[in-house]
Amino acid sequence: MAEATKGTESYAAWEGPIFEAWMAHGYFQRSQGFGDHGAEPYTIVIPPPNVTGVLHMGHALNDTIQDACIRRARMRGFQTRWILGTDHAGIATQTKVDKRLAEQGINRREIGREAFVQECQKWRDEYGTTIVNQIKAMGCSCDYAHEQFTMSPEFSLAVRRLFVDWYHEGIIYRGKRIVNWCPHCTTAIADDEAEYADEAGHLWHLRYPLEHPQEGCEYVVVATTRPETMLGDTGVAVSPSDERYADLVGQNVILPLVDRTIPIFADFHVDAEYGTGAVKVTPAHDANDHAMGQRAGLDTINIFDETAHVVEGFGRFSGMSRDEARDAVVAAFDELGLLDHIEDISHSVMHCYRCHNALEPWLSEQWFVDVSRLKAPAREAVESGQVRFHPERWAQVYLDWLENLKDWCISRQLWWGHRIPVFFCDACGWTDALLEDVEACPVCGKPVRQDEDVLDTWFSSQLWPFATQGWGELGADAPDLQAFYPTQVLSTARDIMGLWVARMVMASEYCMGQIPFQDVIIHPTVMGADGKPMSKSRGNGIDPMELMAAFGADGMRFGLISQVTGSQAMRFDQQRIESARNFANKIKNAARFVMLNMDGFTPGPPEAKTDADRWIFSRLARAVRAVDAAYDAFEFSAMAQELYTFIWNELCDWYIEFSKARLKSDDAADRLACQRNLRFVLDQTLRLLHPVMPFITESIYADLPHEADDAEMLIVAPWPDAEALSAFEDAQAERRIQAVISVVGAVRSARSRYGLSPKQELAVTVKAEEGLAQLICAQEALISSLAVASSVSAAPDAVKPEGAVAGILSDMEVYTDMAGLVDFAEERAKLAREQAKVKKDLEKLEKKLSNPGFLAKAAPEIIAKDTAKRDDLAGQLEKLDAQLAQM
RNA sequence: GGUCGCGUGGCGCAGCGGGAGCGCAGGUGCCUUACAAGCACAAGGUCGCAGGUUCAAAUCCUGCCGCGACCACCA
């Protein structure tokens, strides 16, 4: 990084004060709006980062997108608000705090619930602000003054309200089910939170002796990947269509080690093709087995405690961990001669998405959300086009997710989170979900107890768009919600499409009776340089803070957003960030040039005095239109590309160069016009660029001379008005300046081929038809200054001077006098190469144009275009032929 | 198993029915008083493979090969 920081002590040093100034002016709080959009709101809610987190590339990208949107909206005069806050992240935070306590030799059970929650609170106070500070370093214009938190009192009220509502509506219910249990976190987790990974494993083939052995058939062989669970087996299932076992259905086997008599039965779930076709059934430890067990009326025997150790009652196996039990069971079968054989297989294993330990399907009493009533409105919201995805194809992913949605397990056996507001009276059996805590039973007056569990973090996250705006206390009538709901944009990563996006829509439809947001931007996932997702364990991650230190917040922002295409993944490319940093530098230098040439400047409107002026105004108008279109379509890469090309290749490469002579001239009026025009174009450009590069643009804006009624800071300066600027569009001027650029290019090319010094002046003669020749003569000053020409002449009958080289363009020939240095053989070869290429292109076109099918069916404008091009090439070929003949 | 995405110059990517483009790297020449993190000029690709549709295919369809994501499931 040392190389990268060359010439810049620290970006933060000059970025910081600009950020402070924005904050001090209160621009980040809900803006009052101005101009045409004064009354219209524009709200974004940030996906709340976890309090455990630090900023990673995904945040950096996502927050750049949101800030660009909100800044543009602010400049366009909307009332903007970007709601910021953090998520308490129940299981993630609890895991971290557990780990920290463990380092001090403390177990959370020793200190108890209350003390542990306090530790979590302490953690939040210490780390909860880290990521917010990092978001500030990026320059994000969030409403920091009203920071939200998913466990604030207001938010907790909202969560409780929804729980109580759903409880009374029967949407929330309690049930004993097989859930994904994490024995490390000792909690249930939702299906969405389980991660599958393929692992090498074994398929153990175990012999279960028949209760009544027959000749040649003494046992049934079952295949299992989890031999330890045989302790809880209560049946053996076979496929109803499997003839091999038809005679055995209805008989019993004696379960080894525990001497339990269990039935053999048929169930459609069994696949006769897999394993031995006979399946051991453990209803307490497998979801499918549980279902089979229910159908067959089997007992359910729980063999594991909450940490996946074998419970009492299983002799020497009791107290063993699941791994120890596995080894012991297999060894015991082997000893008894009941281990048939072992097969190596690869199978997928569920892991906890937080601690990555293997999950245990475990039967337990949990709270669920019945999603059947919530699905339809959420589907309708997207199918009707009220909620739009960008890119569109993500709508299908969303709908598929909804379609396959099953009831949602929302209880977690954790301490850090929203405690389930259900109270029980053990004395009389009274149970209810309540908004206010109670101590005594309202029926019998005996003491009550509250449910020990807390809610899934996503249960609170689903309320984020409206609980942050007063729903908890005032419901949908809250003034903010009346005025600023639904929000406009949600930008997020695709991996939480179901976990978060869909649930917000469901919750919003229920609570608010409407959608939570209109446009959902699904941005690409940032991959490491190796093309794999960035992760700590892989070591391919990049710290955004380091990037900002090296390339500036603007460089990082522009570099990242310029890679946001419709793709699902983007490989992180530091060179792109460097390139963006260079771009920022380019603008700074262009601005410096303008500022250094302000002698005698007085404010005034832009004035198109020359073709160069008309040209840059026209190009500016086009750029504004293109940038607007790209933003409106959420095409961020196209937006960045427009800005880059306009600023670098048009404004800097040509207009500033055109301006140099005028700024040195004695014509004070023209100099002033040029100054005003430069200031105007730069000012408009800064506005256009500000949403993605807020710091450098704000910094330059501060140095520019301003009119009295200009905005105090760029962040609230009006966005360029494409409609007003469209008056500047000028095809004539574009054509004229294109001619200048062509001539200059031809001369430069000639000079470069002969290795002449850029300082050596050369005489330039152009042969072109009358109108174009006059035009070129009129632009003599521009051409000679940029091409370093001693003279420029143009005429329809111009003759190539002795010792000149010819550049053949479609509408002109440019003769550059090489002062006797011409290598005729070399020139001939070059012209011949060009001739061959033009000939080839021409032949292709002529073939196309003589194709009757093409003439009959192609669009007229295509035919016209190709015809013009054919004529063009024919003209060029003629000129090349003539030149070659002459030599 | 299902759904989706991607294979374009050395690298990273855009374009997605009518002229193959951008950034970076590499080449040549320039410290031209805005900028060497720069300027100028040149070079580099039969757009994964095979079919098909079309007057016309990098672009649409089908199949194959190679990556990748998500969902489901595996006793």
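Convention: sequence-line order gives letters A, B, ...; per-chain numbering from 1. Computation of the quantities below employed the complete heavy-atom set of this structure, encompassing side-chain atoms and omitting hydrogens, waters and symmetry-equivalent molecules.
Residue Glu392(A) qualifies as open at atom CD: its count of foreign heavy atoms under 6.0 Å is 12 or below.
Comparing the P positions of G2(B) and G9(B) gives an interatomic distance of 31 Å, to the nearest angstrom. Atom name C1', nucleotides C24(B) and A57(B): the rounded distance is 30 Å, in whole Å. Distance noted for atom P between A42(B) and C35(B): 25 Å (whole Å). Rounded to the nearest Å, the gap between the C1' atom of G44(B) and that of U53(B) is 33 Å. Atom P of G48(B) sits at a distance of 15 Å from the matching atom of G15(B), rounded to the whole Å. Here the separation of C31(B) from U8(B), taken at their P atoms, is 39 Å to the nearest Å. One P atom belongs to C55(B), the other to G66(B), and the distance between them is 35 Å to the nearest Å. Using atom C1' as the reference point in both G1(B) and C60(B), the two lie 28 Å apart (nearest Å).
G19(B) atom C1' lies 16 Å from atom CD of Glu846(A), rounded to whole Å. A straight line from CE of Met534(A) to C1' of G68(B) spans 16 Å, rounded to a whole angstrom. If you take NZ of Lys865(A) and P of G19(B), they are 6 Å apart, rounded to a whole angstrom. In this entry the distance linking NZ of Lys837(A) with P of A42(B) reads 13 Å, nearest Å. Taking atom NZ of residue Lys848(A) and atom C1' of nucleotide A56(B), one finds them 6 Å apart after rounding to whole Å. The CZ-P distance, from Arg753(A) to A43(B), rounds to 10 Å in whole Å. The separation between Met570(A) atom CE and C13(B) atom C1' is 11 Å, rounded to whole Å. Here the P atom of nucleotide A56(B) and the CD1 atom of Ile863(A) are 14 Å apart, to the nearest Å.
Across the strands present, C22(B) finds its partner in G12(B); the criterion is a Watson-Crick or G-U wobble pair with both atom distances under 3.5 angstrom. Across every strand in view, U32(B) sits unpaired, with no contact that passes the Watson-Crick or G-U test at under 3.5 angstrom. Pair assignment for C4(B): G68(B), on the basis of Watson-Crick or G-U wobble contacts that are both within less than 3.5 Å.
A donor N or O paired with an acceptor N or O is found under 3.5 Å between the base of A34(B) and the side-chain atoms of Glu657(A).
For the residue pair Ser579(A) / Gln575(A), no side-chain donor-acceptor distance below 3.5 Å is found, with atom types taken as modelled.
For the pair Arg503(A) and Trp408(A), the cation-pi criterion (under 6.0 Å, within 45° of the ring axis) is fulfilled. Figure legend: cation-pi geometry between Lys847(A) and Phe854(A) absent, as NZ or CZ is not positioned both under 6.0 Å from the six-membered ring centre and within 45° of its axis.
When the options Val220(A), Leu248(A), Asp233(A) are evaluated for a side-chain contact (heavy atoms from CB on, under 4.5 Å) with Val253(A), the one that passes is Val220(A).
At a threshold of 4.0 angstrom between heavy atoms, the contacts of Ala638(A) with the nucleic acid are absent. Counting any heavy atom pair closer than 4.0 Å across all strands shown, Gln568(A) reaches a base atom. Note on Lys280(A): nothing from the nucleic acid sits closer than 4.0 angstrom, heavy atoms only. Using a 4.0 Å heavy-atom cutoff across all strands shown, Ile656(A) reaches at least one base atom of the nucleic acid. Contacts of Thr225(A) with the nucleic acid, taken as non-hydrogen atoms under 4.0 Å apart, involve only primed sugar atoms and P, OP1 or OP2. As judged by a 4.0 angstrom heavy-atom cut-off over every strand, Ala858(A) is placed among the base-contacting residues. Within 4.0 Å of Asn851(A), counting heavy atoms only, lie sugar-phosphate atoms of the nucleic acid but no base atom.
With hydrogens and angles disregarded, no donor-acceptor distance shorter than 3.5 Å links the side chain of Asp872(A) to the backbone of Ser810(A). Of the possible donor and acceptor atoms, one in the side chain of Arg671(A) sits under 3.5 Å from a partner among the backbone N and O of Ser665(A).
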